[in-house]
Amino acid sequence: MRMLLLSNGHGEDVIGVAVGRALRARGAEVTALPIVGLGDAYAKADIPRLGPAQAMPSGGFVWGRPRALARDLGAGLLALSWAQWRAIAEARARFDHVLAIGDIVPLAF
């Protein structure tokens, strides 16, 4: 089984690592795409990452903070999101299952 983990921030990455380790123990091939941040938890756990990742000025906390959203947009948030969307679309045939970890954002991908 080939599994793609989509996660939406540092805490969700930590959860993704725990899930990824459990899946690997059962013979699954696990890859992650951290939507927010760099996905350092996956790197430390030696779980390969798919697609581009970039740290944003807000650290991923933009809801209800217009200035933070504006800074992230200026830092390339839309281009990053589009590139991540394309990476998933191009790789989707490689995965049997996708697990979205976090709020609505991973589900949108």
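Here the side chains of Leu4 and Leu99 are not in contact, with every heavy-atom distance at 4.5 Å or above. Contact check for Leu5 versus Val98: no side-chain heavy atoms found under the 4.5 Å cut-off. Side chains of Phe95 and Leu50 form a contact here, defined as non-hydrogen atoms less than 4.5 Å apart. Considering only heavy atoms from C-beta on, Pro48 stays 4.5 Å or farther from Tyr42 through its side chain.
Gln54 places no side-chain N or O within donor-acceptor distance of the main-chain N or O of Leu80, the cut-off being under 3.5 Å.
Here Ser7 contributes atom OG and Arg49 contributes atom CZ; the two are 10.5 Å apart, rounded to the nearest 0.5 Å. Distance CG/Asp72 to CG/Leu78: 10.0 Å, rounded to 0.5 Å.
For His97, the side-chain contact (heavy atoms from CB on, under 4.5 Å) test picks out Met1, Met3, with sequence neighbours left out. Taking Ala70 as the reference, nothing meets the side-chain contact (heavy atoms from CB on, under 4.5 Å) condition, with sequence neighbours excluded. Every residue two or more places apart in sequence or in another chain that forms a salt bridge (Lys or Arg N to Asp or Glu O under 4.0 Å) with Arg2 is listed here: Asp96. Scanning for side chain to side chain donor-acceptor pair (under 3.5 Å) contacts around Arg71 gives an empty result, with sequence neighbours left out. Taking the side chain to side chain donor-acceptor pair (under 3.5 Å) definition, one finds that Asp46 meets it with nothing, sequence neighbours left out.
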Can you give me every donor-acceptor pair (side chain of residues 26-41, partner residue at least two apart or in another chain, under 3.5 Å) with its distance?
unit_1	atom_1	unit_2	atom_2	d
Arg26	NH1	Ala22	O	2.9

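Gly102 approaches Glu12 most closely through the heavy-atom pair CA-CG, 3.7 Å. Across all their heavy atoms, Ile101 and Gly16 have their closest contact at CD1-CA, 3.5 Å.
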